[in-house]
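Worksheet: one structure, shown below.
The structure presented is a predicted model; accordingly, all values stated were derived computationally and were not measured. Only heavy atoms go into these numbers, but all of them, side chains included; no hydrogens, no water, no symmetry mates.
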Amino acid sequence: FHAAHFLVHNGDWGWGHLVPTAIQMGLPLVVANSLVARRFFSASTNLVKQRIAEIADSPEMAAPTGAEPGQSVYWFEAGHPQTLQQAVAAVVNRLDIARERANQLRRTLQHDQSFDRVVDQYVHLLQRLAAKAAPQNVSGVSGQTS
């Protein structure tokens, strides 16, 4: 990943490690439009089609202003090689903008899936499980045996 300038991803594999690692490394992503990809980036079909059209119309797009993850990805249609060529050209011709978009994606996903938030969710879950498992006395106060 340290030697790569961007990642082209075309498939339903690699969403658990490959793509997240590329995001953490700040690599621009060129991604095939698929249900799995749209779900991963929480992107609607309309957003993806709009981004593909924007690349075709203006390959030197500025970095997205919105924080929606799907806006920071360079999308293409797997069955249409021209859209892949346009997406790759958009990255290569303006690598500075592509890196800015990749960093925006990384920041957005770090905020949405921050470690503190995950830890808080686990603590809450464990507290709920502990409360259910704790013995209860006649008064209904948990944690005290009668």
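- Between the side chain of R101 and the backbone N or O of Q71 there is at least one donor-acceptor pair closer than 3.5 Å.
- Nearest heavy atom pair, residue A4 against residue L27, reads O-CD2, 3.3 Å.
- Considering every non-hydrogen atom in both A32 and N10, the closest pair reads CB-OD1, 3.3 Å.
- Ring geometry, W15 versus F40: the interplanar angle falls from 30° to 60°, so the pair is classed tilted.
- Distance check: I23 CD1 to L7 CG gives 9.0 Å after rounding to the nearest 0.5 Å.
- Put simply, the side chain of V30 does not reach to within 4.5 Å of the side chain of W75, judged on heavy atoms.
- One hydrophobic cluster, built from ILVMFWY side chains closer than 4.5 Å, cannot hold both L47 and I52; they sit in different ones.
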Problem - Test log, rule side-chain hydrogen bond (donor to acceptor under 3.5 Å, both in side chains), inputs R107 and Q110 - result: CA-CA 5 Å; R107 286 189 302 273; Q110 282 177 338; over 6 Å; no
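- Between A43 and V48, the shortest heavy-atom distance links the atoms CB-CG2, 4.0 Å.
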Problem - side-chain contact (heavy atoms from CB on, under 4.5 Å) evaluation trace for T83 with H80 - result: CA-CA 6 Å; T83 62; H80 299 92; 3.8 Å; yes
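- Sorted by first and then second residue, the pairs that involve residues 71-81 and meet salt bridge (Lys or Arg N to Asp or Glu O under 4.0 Å), not counting sequence neighbours, are K49-E77.
- The main-chain N or O of G26 is never found under 3.5 Å from a side-chain atom of R106 such that the two would form a donor-acceptor pair.
- Listed by first and then second residue, the salt bridge (Lys or Arg N to Asp or Glu O under 4.0 Å) pairs involving residues 78-90 amount to none (not counting sequence neighbours).
- Nearest heavy atom pair, residue V31 against residue F41, reads CG2-CE1, 4.3 Å.
- Clustering ILVMFWY residues whenever any of their side-chain heavy atoms sit less than 4.5 angstrom apart, transitively, puts Y74 in the very cluster that holds V8.
- Annotation: the span from Q104 atom CD to L109 atom CG amounts to 9.5 Å, rounded to 0.5 Å.
- Ring to ring, H9 and W13 are close: their centroids are under 6.0 angstrom apart.
- Partners of H5 by side-chain hydrogen bond (donor to acceptor under 3.5 Å, both in side chains), not counting sequence neighbours, listed by chain and number: R99.
- Using modelled atom types and a 3.5 Å distance limit, the side chains of Q50 and E54 yield a donor-acceptor pair.
- Considering only heavy atoms from C-beta on, S34 comes within 4.5 Å of D12 through its side chain.
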